[in-house]
Amino acid sequence: MVELRSILGILRRADEDAPRAPTPSLVRLDELVSRSNAAGLDVQVDIEGDLGSLPRNVDVAAYRIIQESRTNVARHADRAGAVVRVRAAADALNVEVLDEGSGPTAAPDLPSGGNGIAGMRERATAIGGSFEAGPRPGRGFAVRARLPIGEAP
């Protein structure tokens, strides 16, 4: 019964106005970066290739990975800056977010309290891609995703 009520609730909302928020897309990446910069986070973007013809699932996954990464930089890095690199090739979209911060001192006995990295990994693997995140040699943190363009396995 609970599941049926949930479905009926969704169907009833079909008559509501459409959401007014813009659809997440890499073609709107400049807006995300502008908001980050206005909030004091210095984000530099380096784009290579055509982002306008990406499959929708790849486009949204990449945008959300970048969005979550910049949120993590703002929360955890002691230097408020990041470089976002996006490379569109014939077979895959490569996304890389790098920061130079050292982050807070880790407390191994405390939970992280977040789902950011796990959520980014799930987005990438759900469409047949790969994901890695971790400390960079020396200083900083890196997030890297390879998202296939084409049919997911």
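Please read all numbers here as calculations on a predicted model, not as lab measurements. Counting from 1, the numbers follow the sequence of the chain as shown.
With values rounded to the nearest 0.5 angstrom, Ile127 atom CD1 is found 11.5 Å from Arg56 atom CZ. Taking CG of Leu26 as the reference point, atom CD1 of Ile65 lies at 10.0 Å (rounded to 0.5 Å). Annotation: the span from Asn72 atom CG to Ile117 atom CD1 amounts to 6.0 Å, rounded to 0.5 Å. Arg144 CZ to Ser69 OG: the interatomic distance, rounded to the nearest 0.5 Å, is 11.5 Å. Here the straight-line distance linking atom CG of Leu51 with atom OH of Tyr63 works out to 13.5 Å at 0.5 Å rounding. Between Asn57 atom CG and Ile149 atom CD1 the span is 10.0 Å, to the nearest 0.5 Å.
Judged purely by atom type and a 3.5 angstrom limit, Arg87 uses its side chain to pair as donor or acceptor with the backbone of Asp46. The backbone N or O of Ser25 lies less than 3.5 Å from no partner atom in the side chain of Asp59, so there is not a single donor-acceptor pair. Although no hydrogens or angles enter the test, the distance criterion places no donor-acceptor pair under 3.5 Å between the side chain of Arg136 and the main chain of Glu100.
Across all non-hydrogen atoms, the minimal contact from Ile47 to Gly49 is CG2-O, 4.2 Å. Minimum interatomic distance between Asp99 and Gly81 (heavy atoms only, all atoms of both residues): CB-O, 3.4 Å.
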Take Phe141 and Val97 through the test side chain to side chain contact (heavy atoms under 4.5 Å, CB included) and record every step on the way to the result.
CA-CA 8 Å; Phe141 198 82; Val97 181; over 6 Å; no
Can you list the steps and then say if Leu54 with Leu93 is a side chain to side chain contact (heavy atoms under 4.5 Å, CB included)?
CA-CA 9 Å; Leu54 294 171; Leu93 182 73; 3.9 Å; yes
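For the pair Phe131/Leu147, no side-chain contact is recorded, criterion being any heavy-atom separation below 4.5 Å from C-beta on.
The pair Asp91-Arg146 counts as a salt bridge, with a side-chain nitrogen and a carboxylate oxygen less than 4.0 angstrom apart. Here Arg85 does not pair with Glu48 in a salt bridge; the nearest charged N to carboxylate O distance is not below 4.0 Å.
Pairs engaging residues 117-132 under the side chain to side chain donor-acceptor pair (under 3.5 Å) rule: none recorded [sequence neighbours left out].
Cluster annotation: Val45 is connected to Leu32 through the hydrophobic network of ILVMFWY side chains, with a link wherever side-chain heavy atoms come within less than 4.5 Å. Follow the hydrophobic side-chain contacts under 4.5 Å out from Val27 and you never reach Val84; the two are in separate clusters.
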